[in-house]
Amino acid sequence: MAEIIVAPHAGFCFGVKRAINIAERVSREKKDKNIWSMGPLIHNPQEVERLRKKGIRVWESEKELNEGDTIIIRSHGIPPQKEGELKERGLRVVDATCPYVKAVHQAVEKLVGEGYYVLIVGEKDHPEVIGTVGYLKKAGGEGMVVESKEDLEKIRGVEKVGIVAQTTQNEQFFKEVVGEIALWAKEVKVINTICNATSERQEDVYELAPKVDLMLIVGGKNSGNTRRLYEISRSLNPRSYHVETAEELREDWFANAETVGITAGASTPDWIIDEVKKRVEEILR
Ligand code: F3S
């Protein structure tokens with residue numbers, strides 16, 4: 001009998017759960033008003049659709065907003081300048097930024113206040129990082145986003161370097177950046193802002209992927225943290241697959257598989273993980 005092991009930390013993290021609870025509460029209170037989330041509330045199309053049915057629509061274009069509409073800032077946060085603009089337009093802004101993301105903003109402000117050049121280790125185009133860069137600008141600081149080790153060449157010679165990370169950053173890369181900077185900067189201050197939810201999910205994969213015949217990573221294709229789990233998994237187990245839903249599972253993947261590991265990104269709802277697990281059970285039966 002084949003064994004299916006679901007990773008202990010698979011699925012929604014605290015910040016996403018919180019943002020969805022806030023949005024659902026707003027939708028119960030404001031039935032007659034337009035409710036928007038600034039971008040998808042989470043990187044999971046199926047869950048976004050479930051929320052749409054509750055009246056929480058994804059805001060895509062400025063034109064659709066009317067005075068008095070409610071707009072929810074998702075867990076990634078937004079630049080403070082943008083938040084100010086929304087309020088000026090007469091919108092009711094509900095802030096569902098994850099407290100751990102808020103902690104990155106505060107860390108950046110602190111480092112700027114202490115005179116550090118700030119490195120944000122993360123993806124330049126990620127909404128969370130765009131928000132954090134907004135706080136760097138607001139604080140009047142200097143700094144840059146680091147995506148690869150090559151980026152570090154640009155700041156050789158800077159003496160006081162402060163380092164933070166995008167909350168979902170890969171720990172290994174963060175370590176490499178810190179190690180590299182420590183070799184030549186005169187003073188380095190590191191505030192590790194990687195959120196536990198990320199490291200716990202990554203540790204699950206390091207633990208599980210080498211032990212099983214086949215590994216499934218469940219989550220939105222546009223979810224950065226899910227993709228990273230998949231990359232880690234594939235580096236440890238070539239039979240790793242990234243799926244959004246149970247329908248994407250292919251029976252031929254499971255040939256001779258005795259053990260199947262399942263994990264999911266921080267934006268994957270439990271009901272999707274359950275569907276995947278059920279489908280795997282059917283295939284293996
Ligand atoms: Fe927050 Fe961490 Fe989730 S930063 S949104 S709890 S991945």
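Whatever order the structure lists ligands and atoms in, that order sets their numbers, starting from 1. Here the structure is a predicted model, which is why all the values come from computation and not from measurement.
Residues Tyr230 and Ile217 come closest through the heavy atom pair CA-CG1, 3.7 Å. Closest of all the heavy-atom pairs between Ile194 and Ala165 is CG1-CB, 3.7 Å.
Protein contacts to atom 3 (Fe) of ligand 1 involving N, O or S atoms at a distance below 2.8 Å are Cys13 SG.
For Glu49, the CD atom is densely surrounded, since the number of other residues' heavy atoms within 6.0 Å is greater than 12.
Partners of Ser235 according to the side-chain contact (heavy atoms from CB on, under 4.5 Å) rule, which considers only residues two or more places apart in sequence or in another chain, do not exist here.
From Leu229, atom CG reaches atom OG1 of Thr168 across 10.0 Å, with rounding to the nearest 0.5 Å.
Taking the centre and axis of the six-membered ring of Tyr116, the NZ or CZ atom of Lys160 falls inside the cone set by 45° and 6.0 Å.
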